[in-house]
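Quick one: this structure, given as structure tokens, is what I'll be asking you about.
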Amino acid sequence: MPINTLIRCRDVSYSYESAAALRGVSFDVNVGDALCVVGENGSGKSTLMTLLLGLKAPQSGSIEYGGGLRANQIGYLPQQTAAQKDFPASVREVVLSGRLSARGLRPFYTREDRASADRHMERLGITHLANRCYRELSGGQQQRTLLARALCATQSLLLLDEPVAGLDPLATNDLYQLIDSIRQEGVTIIMVSHDIQSSIRHATNILHLHCEPIFFGTVDQYIASPVGQRFLIPVPVCAADGAQLAVHAVQ
Amino acid sequence: MFATLIEMFSYSFLVRAVVVGLLVSLCAALLGVSLVLKRYSMIGDGLSHVGFGSLAIATAIHAAPLAVSIPIVVVAAFLLLRISASSKIKGDAAIALLSTSALAIGVVIISMTTGMNTDVCNYLFGSILAMNRSDVYLSVALAAVVLTLFVLFYHKILAVTFDESFARATGVPAGAYNMLIAMLTALTITLGMRMMGALLISSLIVFPALTGMRLCKSFKSVTICAAITSAACFFLGVVGSYLYATPTGASVVLVNIALFVIFCGISVYQTKRRAMA
Ligand SMILES: Nc1ncnc2c1ncn2[C@@H]1O[C@H](COP(=O)(O)OP(=O)(O)OP(=O)(O)O)[C@@H](O)[C@H]1O
Ligand SMILES: [Mg+2]
């Protein structure tokens with residue numbers, strides 16, 4: 001495996017009891033890449049994430065980690081948390097728990113851990129919520145809290161499953177800036193997103209899944225490819241035409 | 001009032017019972033917060049039934065009760081986690097299976113050996129006379145272990161309870177911490193069971209956590225609140241049972257219920273007042 005390859009997936013397949021979710025998926029992620037995974041609902045994107053995290057084992061094929069990547073250097077934002085709705089934890093407690101994996105067996109948080117949690121809460125604009133109860137936040141505020149937790153855990157790899165779902169336009173914009181800036185700090189990013197237009201501006205590579213991988217390559221290749229062209233068609237074109245017609249009619 | 005307390009504590013068996021009981025309630029409350037939040041409230045109930053079965057075995061073979069029941073209950077806790085994690089039998093069903101089986105085995109063994117007598121009644125509903133000197137030493141040691149481990153692993157327990165798959169994904173050995181919680185629960189249950197009764201001991205796990213969650217908004221405050229209310233309820237329950245000659249275990253549970261209702265009331269009142277403001 002080349003020295004700068006972080007993850008190498010070869011022929012990975014996974015099926016639930018009912019049906020196959022992934023079939024024959026192969027791709028490489030290099031250090032410093034920003035890979036965006038796209039595809040329709042139910043195309044296996046979240047399943048791929050859980051496989052990459054080692055939460056499930058692929059039924060066939062292999063996932064190799066290079067560059068000395070260990071699980072406790074990974075930050076992760078799940079699409080849906082297993083976290084219960086009625087959990088009594090403050091935002092600060094949740095964000096701090098992201099620092100835990102890097103601590104090994106040491107029992108208590110250091111000043112450095114607290115500073116890191118504060119910094120990430122600041123970055124995501126939730127400092128004023130620090131002492132609020134997680135269960136009493138809005139959906140978007142909860143999403144930001146979990147993002148801050150993911151960033152606290154991130155050292156070399158960040159996996160985001162639909163990070164902008166539920167965020168307002170300003171927060172979405174901020175998040176993309178944030179992703180760019182942590183990529184400049186040398187963190188590799190794998191992101192699932194339906195916001196394809198923005199994603200291709202902030203990603204370096206695209207993996208298009210439909211149970212099987214139907215495209216894997218750089219963003220430029222994707223834009224030029226038939227798959228990409230079909231998927232990238234700006235949807236509201238017809239609606240805009242309609243509106244223009246209406247405007248003409250009024251004039 | 002003070003005269004009653006002084007009179008109470010002139011009985012050495014009562015002093016022993018209160019020491020053991022306070023330590024057990026403290027441990028049960030701490031573990032309970034995590035168990036309740038993980039939807040594992042019934043694990044205490046299941047394990048205490050297994051404890052009943054193992055006490056029956058101990059009586060039948062004339063062995064020391066704790067020496068027999070601790071290993072059996074710890075193994076049962078291990079099995080419970082295994083079954084509910086790996087197979088299609090879900091947590092609650094696995095617990096129901098285990099607890100009814102243990103109860104049935106216990107009852108059959110008892111009827112074949114000593115027959116149904118007051119001992120059996122004591123196992124089921126608890127007896128304050130059950131604690132001897134070695135129980136006190138053992139419970140002080142175990143409580144020290146439970147409290148130390150809980151404090152050392154507090155942040156990990158929080159993380160694993162809040163979001164197990166995140167913890168796992170980021171390299172925290174969640175399975176090991178689940179096992180730790182189950183083991184500590186097993187020890188706490190076996191210790192407290194003979195005093196509180198096999199049918200009532202799981203109240204010490206569930207009530208303090210639920211009471212704390214009525215009013216507290218962070219994991220830390222819920223944990224502290226649960227620990228304090230649990231110890232206070234136990235003490236009031238014992239004093240009450242002394243004054244009115246009621247069974248100890250049941251009295252402690254009644255105090256817990258009362259406090260839970262009071263906390264519910266306060267929480268409803270707070271919400272109302274906030275809505276008015
Ligand atoms: N726990 C599960 N048990 C059984 N089948 C599942 C489970 N989770 C997902 N699936 C199935 O696996 C397939 C892939 O699901 P997955 O969640 O990976 O899709 P996705 O690409 O993340 O979709 P979305 O865009 O809606 O998030 C789907 O057909 C789904 O029905
Ligand atoms: Mg998904």
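A, B, ... follow the sequence lines: proteins, then strands. Residue 1 opens every chain.
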From B:Asp163 CG over to A:Arg149 CZ, what is the distance, rounded to the nearest 0.5 angstrom?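 With rounding to 0.5 Å, CG (B:Asp163) is 4.5 Å from CZ (A:Arg149).
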Grab the two heavy atoms, one from A:Phe87 and one from B:Leu158, that are nearest each other, plus how far apart they are. CZ-O, 4.4 Å
Between A:Thr154, A:Asn131, A:Leu96, A:Val94, the one whose heavy-atom pairs under 4.5 Å with chain B are most numerous: A:Val94
Which atom names give the shortest non-hydrogen contact between B:Phe166 and A:Ala153, and what distance separates them?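 Here B:Phe166 and A:Ala153 meet closest at CZ-CB, 4.1 Å.
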Taking the six-membered ring for Trp and the single ring otherwise, decide whether the centroids of A:Tyr134 and B:Phe162 are under 6.0 Å apart. yes
So if I take each residue of residues 260-270 of chain B and look for any heavy atom under 4.5 Å from a heavy atom in chain A, which residues do I end up with? none
Quick one: pull up NZ in B:Lys156 and CZ in A:Arg106 and give me the separation to the nearest 0.5 Å. 8.5 Å
Where on B:Val33 is there a heavy atom nearer than 4.5 Å to chain A: the side chain, the backbone, both, or neither?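 Neither part.
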Does any pair with a residue in residues 26-50 of chain A pass ring-ring contact (aromatic ring centres under 6.0 Å, His included), and if so which ones, sequence neighbours excluded? A:Phe27-A:Phe216
Between OG on residue A:Ser97 and NE2 on residue B:His155, distance to nearest 0.5 Å: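 One gets 10.5 Å once the value is rounded to the nearest 0.5 Å.
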Euclidean distance, B:Met213 CE relative to A:Cys133 SG, rounded to 0.5 Å: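 Spacing of SG (A:Cys133) from CE (B:Met213) equals 11.0 Å.
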Heavy-atom contacts under 4.5 Å, residues 49-63 of chain A to chain B: A:Leu53, A:Leu55
Under 4.5 Å, heavy atom to heavy atom: which of residues 159-167 of chain A reach chain B? Give them by number, or say none. none
Is it true that a side-chain atom of A:Glu93 and a backbone atom of B:Phe219 form a donor plus acceptor pair closer than 3.5 Å? yes
